[in-house]
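To start, the structure under review is shown below, and the notes come after it.
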Amino acid sequence: MSIAADSLTDRFGRRHTYLRISLTERCNLRCFYCMPAEGIELRPRQHFMRAAELLTIARTFTDMGVRKIRLTGGEPLVRSDAAEVILGLGQLPVELAITTNGVLVDRFVDTFRNAGIRSVNISVDTLQPDRMERITRRDHFHRIMANIRLLLDEGFHVKVNMVVMRGVNDDEVTDMVEWTRSEPLHIRFIEFMPFNGNLWEEDKGVSMSEMLARLTERFGVDRYERLIDRPNDTARNYRLSDGRGTFAFIAPVSEPFCSTCDRIRLTADGKLKNCLFDHGEADLLGILRSGGDIAPLIRQSIFAKHAVRGGLDTAERFADPVLHGRNRNMTTIGG
Ligand code: SAM
Ligand code: SF4
């Protein structure tokens, strides 16, 4: 192992080579499970990383051993200089990817290509226009679907993220899988996770085993198969035996995958979060602006990472609103 890679290793021996960067806290949708009903407090611009600062911090991470960067938010594409940032990051020696709600994708296809982005994740929680309007509190269903078509036609690898919630959209899991029969799409069923102000309740969660039981009922047990997951993959991957695409389950609530975690997060206001669920943060932007070296703080923060879900290691602690309420909401972390 090189010294550079070693510096992103925590006390449990996990190497962190995957950085998720939030480009902005703002968003053009209002998904109820992500944004609190009252919205988020909009802070002045100077609280957030400027393009040059973001690129400097990202370069420090790649010098230290990060090999993959995913852009997220908020909605990364609403940032006014999103194209400049994406193209700048495309110069770094990393695999670059993005997670977006898809609304503005048609304006960025060339930017993605020029930055070397090959894989795009789009959030689609339902295939029903009315229902999408209720979940996202906005009416962009047809635009999002047209942009998925565009990305497929342009040859991008497209993953679709669906947050599965009982009584909201869980009746569509089998329809989503059906979609992968005719299209080379990769659907990922994500368990609903608790964050500050997002109305999480344990009962709204649908476990992977329950979803698999429904698939067996609809398709028959011999019509889908388990695939081999890549190392550090948080998803358990499957496909229909005659499917062009795949589907997968991401189960941080019922089956945490912390022991192989290789992820860290940089918030839009320049804070390093060593875990999605840890309310602790390291202020990289503050150090950078005062002329300091951010590398020691990055090392310290990663070394101190908790073994499981930011210390919320039991189901009881994870479900405790006082404990998960100390964390930011999802749109200000960067999912
Ligand atoms: N705006 C972009 C989007 O929606 O894809 C990127 C940011 S969004 C916060 C990233 C991902 O987090 C989305 O796939 C979204 O569905 C997921 N997400 C947000 N809140 C969540 C929650 N409470 N539980 C599980 N996933 C959540
Ligand atoms: Fe916006 Fe994405 Fe959160 Fe929905 S999930 S409110 S699109 S940041």
Side-chain angles (χ1 to χ4, degrees), residues 20-40 42 69-79 82 86 97-105 108 117 119-126 131-141 143-144 147-148 151 158-166 168-170 176 186-202 204-208 234-235 248-254 256-257 263 265-268 273 276-277 309 312 318-319 321 324-325 327-335:
R20 298 170 77 103
I21 302 181
S22 170
L23 294 194
T24 177
E25 296 182 349
R26 289 178 303 119
C27 187
N28 45 2
L29 299 184
R30 291 285 179 277
C31 306
F32 76 85
Y33 55 77
C34 176
M35 285 257 191
E38 65 275 18
I40 57 155
L42 292 176
I69 291 179
R70 175 173 296 282
L71 304 177
T72 178
E75 171 49 38
L77 300 181
V78 302
R79 188 177 160 127
I86 293 170
I98 188 162
T99 298
T100 164
N101 60 32
V103 175
L104 299 173
V105 155
F108 285 89
I117 291 180
S119 177
V120 181
N121 287 18
I122 302 214
S123 301
V124 178
D125 298 316
T126 171
R131 196 178 260 185
M132 185 175 287
E133 191 170 346
R134 279 200 299 280
I135 294 174
T136 65
R137 303 176 177 125
R138 295 287 184 276
D139 178 17
H140 290 309
F141 179 85
R143 254 178 108 168
I144 294 167
N147 279 337
I148 291 176
L151 287 171
V158 181
K159 294 183 188 167
V160 168
N161 291 347
M162 173 187 185
V163 180
V164 182
M165 296 161 285
R166 193 179 302 284
V168 175
N169 60 354
D170 59 321
M176 285 281 187
H186 306 279
I187 311 277
R188 291 132 53 88
F189 301 114
I190 304 176
E191 281 183 347
F192 183 27
M193 298 182 275
F195 294 97
N196 194 355
N198 80 343
L199 308 176
W200 183 81
E201 288 165 36
E202 210 165 347
K204 280 197 195 136
V206 184
S207 70
M208 177 171 118
T234 53
F249 301 91
I250 302 181
V253 181
S254 64
F257 31 75
R263 289 152 192 241
R265 291 177 152 80
L266 179 64
T267 62
K273 282 180 84 71
L276 179 58
F277 298 109
R309 288 187 310 218
L312 305 181
F318 195 57
H324 66 242
N327 202 357
R328 298 174 178 226
N329 55 57
M330 185 64 131
T331 192
T332 61
I333 298 173

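Heads up: numbering here begins at 1 and tracks the sequence. Both ligands and their constituent atoms are indexed starting at 1 by order of listing.
- Close contacts between ligand 1 and Glu191 involve ligand atoms 24 (N), 25 (C) [criterion: under 4.0 Å to a heavy atom].
- Each of the atoms 16 (O), 25 (C), 26 (N), 27 (C) of ligand 1 lies under 4.0 Å from some heavy atom of Val163.
- Between atom 4 (Fe) of ligand 2 and Cys31 there is an N/O/S contact shorter than 2.8 Å.
- Taking Arg131 as the reference, Asp171, Glu172 meet the salt bridge (charged side-chain N to carboxylate O under 4.0 Å, His left out) condition, with sequence neighbours excluded.
- Proximity to Met35 (heavy-atom distance under 4.0 Å) selects the following atoms of ligand 2: 6 (S).
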> So Asn121 and Arg188, side-chain contact (heavy atoms from CB on, under 4.5 Å) or not? Walk me through it.
Replying inline: CA-CA 10 Å; Asn121 287 18; Arg188 291 132 53 88; 3.6 Å; yes

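- For the pair Thr99 and ligand 1, the shortest N or O to N or O distance does not fall below 3.5 Å.
- Proximity of Ser123 to ligand 2 is not established, as no heavy-atom distance is less than 4.0 Å.
- For the pair Met162/Thr126, no side-chain contact is recorded, criterion being any heavy-atom separation below 4.5 Å from C-beta on.
- Arg20 places none of its side-chain heavy atoms less than 4.5 Å from the side chain of Leu276.
- Near Cys27, meaning under 4.0 Å from any of its heavy atoms, are these atoms of ligand 2: 1 (Fe), 6 (S), 7 (S), 8 (S).
- Distance check: Ile86 CD1 to Ile98 CD1 gives 4.5 Å after rounding to the nearest 0.5 Å.
- For ligand 1, the polar-atom distance check finds an N/O of Met193 within less than 3.5 Å of one of the ligand's N/O atoms.
- Looking at Thr100 against ligand 1, only its backbone comes within 4.0 Å, counting heavy atoms.
- Backbone and side-chain nitrogen or oxygen atoms of Asp125 are examined, and none is located within less than 3.5 angstrom of a nitrogen or oxygen of ligand 1.
- Atoms of ligand 1 lying under 4.0 Å from at least one heavy atom of Gly73, given by number and element, are 7 (C), 9 (C).
- Where the criterion is an N or O separation shorter than 3.5 Å, residue side chain and backbone included, Thr72 fails it with respect to ligand 1.
- Those atoms of ligand 1 that come under 4.0 Å of a heavy atom in Asn161, given as number and element, are 14 (O).
- Checked by distance only, ligand 1 and Gly74 come closer than 3.5 Å through their nitrogen or oxygen atoms.
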> What do the steps show when you test Val105 against Leu77 for side-chain contact (heavy atoms from CB on, under 4.5 Å), and what is the final call?
Replying inline: CA-CA 8 Å; Val105 155; Leu77 300 181; 4.1 Å; yes

>> One pair to check against side-chain contact (heavy atoms from CB on, under 4.5 Å): Ile122 and Leu151. What are the steps and the verdict?
In response: CA-CA 10 Å; Ile122 302 214; Leu151 287 171; 3.6 Å; yes

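- Phe32 and Phe192 have perpendicular rings, their planes meeting at more than 60° on a 0 to 90° scale where under 30° would count as parallel.
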